[in-house]
J.: 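Have a look at this one before I ask anything.
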Amino acid sequence: MGLKEISYGELIPLAVILIAMSVLPMLGLSSYMLTLLSLLLLFGALVSIYDFFYIRSGYINLGYTFIVASSAFSIAITLERLPTALAILAAFPLSMLFSIAILVPMLKLRGPFYSVATLLYPFTLAPIARLFPEVFGGDVGIYVRPLLSSPTHLYYLSLAISIGVLSLLFILLGTRLAIKLAMIKDDETLAESSGIGVVRVKILSHVMCTLMVTAVMIPYTQVSGVASVELADPMPVLIYALMASALYKPGSALYSFLGGMGIWWLDNFMRAAMYDLRLVVASSLLLTIYAARVVLGVAGTKIRK
């Protein structure tokens with residue numbers, strides 16, 4: 001387990017992609033393209049966070065978009081009321097306060113019961129936003145005060161935070177936390193009887209997940225310009241996160257990052273041509289990939305025998 005799950009050779013494609021993306025603004029790309037690439041990077045980071053903390057632990061959080069949306073609202077609310085530096089600092093504890101709702105069932109429920117319970121949370125944001133429009137802006141959302149006016153600066157901020165998130169996740173892969181999360185996934189009761197403080201691990205992983213999501217949502221809200229209840233919609237964000245996490249080595253954060261970027265780009269491309277069919281097309285493509293993996297795995301086993 002741990003960092004040995006990913007070899008240095010596997011990191012080479014990621015390094016090449018990130019280096020290439022670091023020089024893209026020098027090619028004179030339009031502001032629109034830089035915006036798309038910023039969102040591409042940030043979506044990949046959100047998927048990799050989900051992959052490490054939830055897929056790895058076996059706690060399939062179907063309310064992940066609730067954390068994403070509440071983090072965005074936390075940033076927008078604090079920027080609206082506080083000076084910039086203080087607002088960014090205050091956004092993290094406020095986001096933690098919102099996300100406690102997701103943590104509570106995680107401490108008591110397991111398996112599908114936890115997944116079903118968390119699925120309800122994203123759908124609570126819309127009525128809350130309508131009930132308190134002066135705070136959440138109703139269905140329209142909250143305008144996010146801009147901090148950086150240049151699309152190029154926003155792009156490099158998005159790239160830096162995405163690299164920072166990936167670096168932190170790769171560091172965590174080499175720690176006991178990664179091993180404990182995997183043990184909880186295999187058998188939570190056995191992990192607890194082995195001396196692992198399961199509740200402490202759950203709380204720690206949830207806190208780290210929320211803080212990292214909040215950091216990602218800082219440039220995300222700057223790029224999008226608004227924090228709204230649409231961010232809590234599980235379709236297609238959550239579906240794509242689950243798909244990308246299952247591509248290869250679930251829980252490693254590496255392939256989910258690459259898969260998340262690829263699926264997001266495919267979705268963005270299909271929105272213009274086949275909006276209603278984009279989930280079907282993406283699902284079919286990924287099922288084909290999964291089937292190919294199974295076939296290659298079986299063939300490899302027979303060859304070794």
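The first residue in the sequence is number 1, and the count goes up from there. Model, not experiment: these values are computed from the prediction.
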J.: If I compare all heavy atoms of Ala244 with all of Gly260, which pair ends up nearest, and what's the gap?
T.: CB-N, 3.5 Å

J.: Let me confirm one number: the CZ-CG distance from Phe66 to Leu119, rounded to the nearest 0.5 Å.
T.: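 Going from the CZ atom of Phe66 to the CG atom of Leu119 covers 13.0 Å.
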
J.: I need the Ile67 CD1 to Thr210 OG1 distance, nearest 0.5 Å.
T.: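 So the gap between those two atoms works out to 4.5 Å.
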
J.: Please output the side-chain donor-acceptor pairs of residues 142-149 that fall under 3.5 Å, not counting sequence neighbours, one pair per line with the distance.
T.:
{"residue": "Arg145", "atom": "NE", "partner": "Leu79", "partner atom": "O", "Å": "3.0"}
{"residue": "Arg145", "atom": "NH1", "partner": "Thr84", "partner atom": "OG1", "Å": "3.1"}
{"residue": "Arg145", "atom": "NH2", "partner": "Leu79", "partner atom": "O", "Å": "3.0"}
{"residue": "Arg145", "atom": "NH2", "partner": "Leu82", "partner atom": "O", "Å": "3.1"}

J.: Could you tell me which non-hydrogen atom of Phe98 sits nearest to which non-hydrogen atom of Ser70, and how far apart they are?
T.: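 Where Phe98 meets Ser70 most closely, the heavy atoms are CB-CB, 3.6 Å.
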
J.: When you look at Leu14 and Leu258, which way does the side chain to side chain contact (heavy atoms under 4.5 Å, CB included) test go after all the steps?
T.: CA-CA 8 Å; Leu14 174 65; Leu258 298 174; 3.9 Å; yes

J.: Can you find a pair of side-chain heavy atoms, one from Lys180 and one from Val198, that are under 4.5 Å apart?
T.: no

J.: Examine Ile19 and Leu254 and state if one hydrophobic cluster contains both, with Ile, Leu, Val, Met, Phe, Trp and Tyr joined whenever side-chain heavy atoms are less than 4.5 Å apart.
T.: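 Result: no, two separate clusters.
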
J.: On a heavy-atom basis, which atom in Ala227 and which in Leu231 lie closest, and how many Å separate them?
T.: CA-CD1, 4.5 Å

J.: Nearest 0.5 angstrom please: Leu242 CG to Ile55 CD1, how far?
T.: 5.5 Å

J.: Do the side chains of Leu41 and Tyr220 get nearer than 4.5 Å, heavy atoms only?
T.: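 The answer is no; the side chains never approach within 4.5 Å.
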
J.: Counting neighbours of CZ on Arg176 that are heavy atoms of other residues, nucleotides or ligands and sit closer than 6.0 Å, is the number greater than 12?
T.: no

J.: Less than 4.5 Å apart, any side-chain heavy atom of Leu190 and any of Met183?
T.: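 In short, these two side chains do not touch, never coming nearer than 4.5 Å.
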
J.: Would you mind checking if Arg56 and Asp51 are paired as a salt bridge, meaning a charged N to carboxylate O distance below 4.0 Å?
T.: no

J.: Does His206 reach the main-chain N or O of Ser99 with its side chain, forming a donor-acceptor pair under 3.5 Å?
T.: yes

J.: Check the hydrophobic clustering (I, L, V, M, F, W, Y; side-chain heavy atoms under 4.5 Å; chains of links allowed) and say if Tyr121 and Ile203 are grouped together.
T.: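 The answer is yes; both residues are in one hydrophobic cluster.
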
J.: For residues Tyr32 and Leu37: do they belong to one hydrophobic cluster (side chain heavy atoms under 4.5 Å, members Ile, Leu, Val, Met, Phe, Trp, Tyr)?
T.: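 Shared cluster, yes.
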
J.: Looking at Ala91, is its backbone amide N or carbonyl O close enough to the side chain of Ser95 to form a donor-acceptor pair, meaning the two atoms are under 3.5 Å apart?
T.: no

J.: To the closest 0.5 Å, what do you measure between CD (Glu10) and NZ (Lys249)?
T.: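 Taking CD in Glu10 and NZ in Lys249, the distance rounds to 3.5 Å.
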
J.: I'd like to know whether CD of Glu230 has more than 12 heavy-atom contacts from other residues, nucleotides or ligands below 6.0 angstrom.
T.: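 Incorrect, the count does not exceed 12.
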
J.: Using the rule given for side-chain hydrogen bond (donor to acceptor under 3.5 Å, both in side chains), can you reason through Tyr59 versus Lys202, listing the C-alpha separation, both sets of side-chain angles and the distance that settles it, and then say yes or no?
T.: CA-CA 10 Å; Tyr59 275 79; Lys202 289 179 181 179; 2.7 Å; yes

J.: Ignoring hydrogens and angles, tell me if any N or O in the side chain of Ser228 forms a donor-acceptor pair with the backbone of Gly141 under 3.5 Å.
T.: no

J.: Is the closest side-chain heavy-atom distance between Tyr240 and Phe43 below 4.5 Å?
T.: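 With C-beta onward as the side chain, the pair touches.
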
J.: Can you give the donor-acceptor pairs under 3.5 Å from side chains of residues 151-161 to other protein atoms, not counting sequence neighbours?
T.:
{"residue": "Tyr155", "atom": "OH", "partner": "Met21", "partner atom": "O", "Å": "2.5"}
{"residue": "Tyr156", "atom": "OH", "partner": "Ser22", "partner atom": "O", "Å": "2.8"}
{"residue": "Ser158", "atom": "OG", "partner": "Leu154", "partner atom": "O", "Å": "2.9"}

J.: Which atoms form the tightest heavy-atom contact between Val223 and Ser38, and what is the distance?
T.: CG2-CB, 4.0 Å

J.: Show me the donor-acceptor pairs, under 3.5 Å and distance only, between side chains in residues 163-174 and residues at least two apart or in other chains.
T.:
{"residue": "Ser167", "atom": "OG", "partner": "Ile163", "partner atom": "O", "Å": "2.8"}

J.: When you measure from the side chain of Ser115 to the backbone N and O of Ile60, does any donor-acceptor pair fall under 3.5 Å?
T.: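 Present.
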
J.: Do the non-hydrogen side-chain atoms of Met208 and Leu177 ever get within less than 4.5 Å of each other?
T.: yes

J.: Where is the tightest heavy-atom contact between Gly63 and Ile102, given as atom of each residue plus distance?
T.: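 Distance-wise, the nearest heavy atoms are O-CD1, 3.8 Å.
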
J.: Is the Tyr50-Tyr64 ring centre distance short of 6.0 angstrom?
T.: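 Yes, the ring of Tyr50 comes within the 6.0 Å limit of the ring of Tyr64, centre to centre.
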
J.: Are any of the side-chain heavy atoms of Ile75 and Leu94 separated by less than 4.5 Å?
T.: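 When only atoms from C-beta onward are counted, Leu94 and Ile75 do not touch, as no gap falls below 4.5 Å.
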
J.: Working to the nearest 0.5 angstrom, can you tell me the gap between Leu27 CG and Met33 CE?
T.: 11.5 Å

J.: Side chains of Ser74 and Thr214: does their closest heavy-atom pair fall under 4.5 Å?
T.: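 The answer is no, as the side chains (C-beta and beyond) never meet within the 4.5 Å cut-off.
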
J.: Would you name the heavy atoms of Ala253 and Ser256 that are closest together and state the gap between them?
T.: O-OG, 3.2 Å

J.: Using modelled atom types only, decide if a donor and an acceptor are shared between the side chain of Ser224 and the backbone of Val226 within a distance under 3.5 Å.
T.: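 Between the backbone of Val226 and the side chain of Ser224 there is a qualifying donor-acceptor contact (under 3.5 Å).
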
J.: Does any N or O in the side chain of Thr65 come within less than 3.5 Å of the main-chain N or O of Ala232, such that one atom is a donor and the other an acceptor?
T.: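 Yes; at least one donor-acceptor contact below 3.5 Å.
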
J.: Verify the cluster assignment for Leu89 and Phe92: are they in a single hydrophobic cluster under the rule of side-chain heavy atoms below 4.5 Å apart?
T.: no

J.: Can you get from Val229 to Ile128 by hopping between Ile, Leu, Val, Met, Phe, Trp and Tyr side chains that sit under 4.5 Å apart?
T.: yes

J.: With under 30° as parallel and over 60° as perpendicular, where do the rings of Phe136 and Phe73 fit, or are they tilted in between?
T.: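 Ring orientation, 0 to 90° scale: perpendicular.
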
J.: If you round to the nearest 0.5 Å, how far is OG1 of Thr78 from CG of Leu86?
T.: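 Nearest 0.5 Å value for the CG-OG1 distance: 8.5 Å.
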
J.: Taking it one step at a time, do Asn61 and Tyr114 satisfy side chain to side chain contact (heavy atoms under 4.5 Å, CB included)?
T.: CA-CA 7 Å; Asn61 182 0; Tyr114 171 74; 3.6 Å; yes

J.: Can you check whether Phe52 reaches Met212 side chain to side chain, under 4.5 Å on heavy atoms?
T.: no

